[in-house]
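Some notes on the structure that comes next.
Bear in mind that the values here come from a model prediction, so they are computed numbers and not experimental data. Just so it is clear: chains get the letters A, B, ... in the order the sequence lines come, proteins before strands, and each one is counted from 1.
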2 protein chains.
Amino acid sequence: MANDTFTALAHPLRRRIVERLSGGPATVGEATGDLGVSKPTVSRHLRALEEARVVTRVIDGRSHRLALRPDTLAEASKWIETQRTRWEGLFDAVGEYLQEERADRR
Amino acid sequence: MANDTFTALAHPLRRRIVERLSGGPATVGEATGDLGVSKPTVSRHLRALEEARVVTRVIDGRSHRLALRPDTLAEASKWIETQRTRWEGLFDAVGEYLQEERADRR
DNA sequence: TATATTGTTAGCGAATTGGCTAATGATACG
DNA sequence: CGTATCATTAGCCAATTCGCTAACAATATA
């Protein structure tokens, strides 16, 4: 479930936010800091990340503390690795002909 | 480079195509098969995947052979894992307080 | 050369996305 | 209570995305 993790990570700004949060939790204001966009915009992106379960929000008074959800990130990278290793597995099984194609891919 | 890998993977249909291709190369027609959309639509998605370097295309006469690019997939999953492990690393370093937050995230 | 096969391009509309500013909510603090 | 602070909501507009059908391009085959 929650497979629009990739949709959440598709936007460059949201990836920058994730990179920011990987260094520790932050408030909306802190996350907005150096991104060069307005706070409502960041708020919107954080909501998208939250709905995709890439981040969690803990509301403490008037400040919101945003944090990454490693479980969701793990799911996403696992999906990718599943596809990649399945593909790679083809070569282990077959050999010659496919190995050439592999070289083609530069 | 090629960081819109996530944009490429954001679309459900494109993920299905990737899953299909992880089982081996396929032509446009083969990829279209059971997806329930028109061939021009699949053609378009394949082009998107190609531009994002998620797949390569080898044209052989009138049929195009599409194949996954494991290198691009590896880059993407690596980015995710970098963020995730950086986040996880915070807990190894700190402890108590953050451990509680960790439990909150269910 | 005529026809079939494989795929792309063109062009259309509906829907979604992403940014902004202005206004609103809600909590903290003097 | 009044004001500042942290954040979301509302509403607008431009741009992009996604699907379709119809038409075209290119290669194979009879």
Side chain to side chain contact (heavy atoms under 4.5 Å, CB included) between D4(B) and E51(B): does it pass, once the steps are laid out? CA-CA 9 Å; D4(B) 32 14; E51(B) 285 176 348; over 6 Å; no
Positional range of nucleotides in DNA chain D within the contact set of chain B, heavy-atom, under 4.0 Å: dC18(D) to dA28(D)
So which heavy atom on [X] is nearest to which on [Y], and how close?
X      : Y      : answer
V42(A) : I17(A) : CG1-CD1, 4.2 Å
P25(B) : R65(B) : CB-CG, 3.8 Å
V18(A) : L49(A) : CG2-CD2, 4.1 Å

What is the distance from [atom1] of [X] to [atom2] of [N], rounded to the nearest Å?
X      : N       : atom1 : atom2 : value
D60(B) : dT6(C)  : CG    : P     : 13 Å
K39(A) : dT24(C) : NZ    : P     : 18 Å
R65(A) : dT27(C) : CZ    : P     : 18 Å
L35(A) : dG18(C) : CG    : C1'   : 14 Å
I59(A) : dT27(C) : CD1   : P     : 9 Å
R16(A) : dG18(C) : CZ    : C1'   : 16 Å
L66(B) : dT6(C)  : CG    : P     : 15 Å

Do the side-chain N or O atoms of R44(B) get closer than 4.0 angstrom to the phosphate oxygens (OP1, OP2) of dT9(C)?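 So the side-chain polar atoms of R44(B) never come under 4.0 Å of the phosphate oxygens OP1 or OP2 of dT9(C).
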dT5(C) OP1/OP2 closer than 4.0 Å to side-chain N/O of H64(B): no
Any side-chain to backbone donor/acceptor pair from R14(B) onto T7(B)? Under 3.5 Å, distance only.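 Side chain of R14(B) to backbone of T7(B): a pair is present.
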Heavy atoms only, 4.0 Å cut-off, all strands: where does T41(B) land among base, sugar-phosphate and nothing?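 Base, at least one base atom sits under 4.0 Å.
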Have a look at S38(B) and say if it touches a base, only the backbone sugar-phosphate, or nothing, with a 4.0 Å heavy-atom cut-off. base
Could you please spell out the steps behind the salt bridge (Lys or Arg N to Asp or Glu O under 4.0 Å) verdict for R84(A) and E81(A)? CA-CA 5 Å; R84(A) 187 183 66 77; E81(A) 285 305 293; 2.6 Å; yes
Parallel, tilted or perpendicular: rings of F6(A) and F6(B) (30°, 60°):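 Ring orientation, 0 to 90° scale: parallel.
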DNA chain C: P40(A) or R14(A), which has the more 5' nearest nucleotide?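 It is R14(A), whose closest nucleotide lies nearer the 5' terminus.
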